[in-house]
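Beneath this line is the structure, given in structure tokens, with notes to follow.
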Amino acid sequence: MSALFHLGQSLKGKVTSYTIIKHVQDCVWLARSQIGQIVVIKSVRHFRLGNERDVLKKFQSCSPFLRPLLDEIIEPRDPPAIVLKHLDDHLLSAAAIKSLNKVEIKYVARRVLQALNVLHLDGFVHTDVKPDNILVNYGTEVEGVRFTDVQLADFGSTVPATSKYATDSDLIGAPIWRSPEAHLRIGWGTLTDIWSFGTILITLIYGDNYFMFKPDVPADHDEYEHRILTRQCQFFGPFPISYQEIAPPSTLSMLMQVMSSLHGKQMPFTHISTKEVSVEDKKFILKIMKLDPRDRPSAQQLLDDEWFNST
């Protein structure tokens, strides 16, 4: 299959023109604008592209922490193409290069929550909150922070909590960042993003590419997602009796099997030593990582939490 664009190709947008300089992956290219700005161009004939454009048009003026839509390509028009801000790196890579310190973790966490709060207040769910969808720009370190920008990206699957995707419990997000209710397909809403945020926070606090819910089998293994759910229960379980109100009998039966399989193998996060996680960090994480989504705080409640004021 031939590439949609080629190096050196000129594209005309509504705002200005762009020259393709690199094919990054699948439907993503880097380009240079007429004034020399490096931008990202996405082009594909898919619902996600138009949806990302529409979501950003609706929300980007509400927060500097959403990666903005800069332009739309008008030639060629098919398939459609959008122009997005280019940032230096994504969080997963940045943390692999150098673990984030406590000040940087809170700097990133606040900005991600502020971005999520803008979406959530209007009833929209990002659905794919993960480190490689959090973009950063590097700069000269100021007050312990080496980032000058932090922006949440990839809004192709961002939908209202009342949408058919949510009410039909469509499978969303990358498995190790996905909430229990999304794994179980028993319905999800804005609070599924809060679980994903908490999972990212755990990874950042531990550093060294530690993924708490990553199972001991490859991603194509039949039990890969089941083992993620088991690890979620292992650290933050057991599943509360309140699940009877949101899960069908077949799901409850499966959860009973999960909990039975962990007899004597639990690793409660509450028992994590202060050598691994500070008292303040543990308290904050435990507020977030509730298996019943109705028990989780909102993005705004987390922004108001005393954790952001602790040192």
Side-chain angles (χ1 to χ4, degrees), residues 25-28 40 42 44 46-60 62-63 65-69 82 84 90-92 108-109 111-135 150-203 211 213-214 219 224-225 228-229 232 246-247 288-300 302:
Q25 61 182 42
D26 296 334
C27 58
V28 181
V40 172
K42 283 187 179 182
V44 66
H46 194 281
F47 158 81
R48 286 175 55 88
L49 189 82
N51 190 64
E52 180 161 23
R53 175 199 62 212
D54 295 343
V55 168
L56 288 175
K57 284 184 174 180
K58 179 178 178 67
F59 290 110
Q60 68 182 23
C62 303
S63 172
F65 308 121
L66 304 174
R67 178 167 71 162
L69 174 73
I82 60 175
L84 300 163
H90 58 69
L91 189 60
L92 191 62
V108 169
R111 282 150 181 78
V112 173
L113 285 172
Q114 287 174 321
L116 290 175
N117 193 46
V118 165
L119 300 175
H120 292 178
L121 287 175
D122 212 78
F124 276 69
V125 190
H126 186 279
T127 76
D128 199 16
V129 180
K130 57 181 181 177
D132 44 352
N133 280 338
I134 299 169
L135 307 180
V150 176
Q151 293 182 332
L152 185 62
D154 195 354
F155 300 90
S157 298
T158 298
V159 294
T162 55
S163 70
K164 188 174 185 294
Y165 303 98
T167 56
D168 287 354
S169 304
D170 280 14
L171 200 60
I172 56 170
I176 63 172
W177 314 105
R178 185 187 298 151
S179 68
E181 67 272 18
H183 271 293
L184 295 167
R185 305 185 75 166
I186 56 174
W188 46 260
T190 57
L191 294 172
T192 195
D193 288 340
I194 299 300
W195 176 277
S196 300
F197 165 79
T199 305
I200 293 170
L201 188 60
I202 292 169
T203 293
F211 306 112
F213 302 122
K214 186 175 181 179
Y224 183 77
E225 295 187 14
I228 292 172
L229 190 68
Q232 291 175 341
I246 59 175
I288 298 169
M289 306 303 282
K290 303 291 187 181
L291 294 177
D292 188 328
R294 299 170 298 179
D295 294 334
R296 291 175 211 146
S298 67
Q300 185 59 62
L302 291 174

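Reckoned from all heavy atoms, side chains included, excluding hydrogens, waters and symmetry mates.
The closest side-chain heavy-atom distance from Phe65 to Asn117 is not below 4.5 Å. Under the 4.5 Å side-chain criterion, counting only non-hydrogen atoms from C-beta, Gln60 is not in contact with Arg67. Side-chain contact between Val150 and Gln114 is absent, with no heavy-atom pair separated by less than 4.5 Å. Proximity of Val112 to Leu116: side-chain heavy atoms (C-beta onward) are separated by under 4.5 Å at one or more points. Side-chain contact between Pro175 and Tyr224 is present, with heavy atoms from C-beta onward closer than 4.5 Å. Between Leu152 and His126 the shortest side-chain heavy-atom distance falls below 4.5 Å. Looking at heavy atoms from C-beta onward, Leu171 lies in side-chain contact with Glu225 at the 4.5 angstrom threshold. Inter-residue side-chain proximity for Leu84 and Ile82 is flagged as met; some heavy-atom pair is nearer than 4.5 Å.
Here the two rings, on Phe197 and Trp177, have centers that are 6.0 Å apart or farther. Phe155 has its ring centre no less than 6.0 Å from the ring centre of Phe59.
In this structure Ser298 satisfies the side-chain contact (heavy atoms from CB on, under 4.5 Å) test together with Gln300, Gln301, sequence neighbours excluded.
Separation of atoms CZ (Arg178) and CD1 (Ile172) is listed at 7.5 Å; rounding is to 0.5 Å. Between atom CE of residue Met289 and atom OG of residue Ser179 there is a gap of 9.5 Å, rounded to the nearest 0.5 Å.
Contact record, Asp193 with Thr127: OD1-N, 3.0 Å, taken as the closest heavy-atom pair. Contact record, Gln151 with Pro68: OE1-CD, 3.6 Å, taken as the closest heavy-atom pair.
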Worksheet item: Please walk me through it: do Asp292 and Arg294 pass salt bridge (Lys or Arg N to Asp or Glu O under 4.0 Å)?
Response: CA-CA 5 Å; Asp292 188 328; Arg294 299 170 298 179; 2.9 Å; yes
Worksheet item: After noting the C-alpha distance and the side-chain angles of Arg296 and Glu181, does the key distance pass the salt bridge (Lys or Arg N to Asp or Glu O under 4.0 Å) rule?
Response: CA-CA 12 Å; Arg296 291 175 211 146; Glu181 67 272 18; 2.8 Å; yes
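No more than 12 heavy atoms of other residues, nucleotides or ligands shown are found within 6.0 angstrom of OH on Tyr165.
Inspection of the Ser157 and Arg48 side chains reveals an N or O donor paired with an N or O acceptor under 3.5 Å. Side-chain atoms of Asn133 and His90 include no donor-acceptor pair closer than 3.5 Å.
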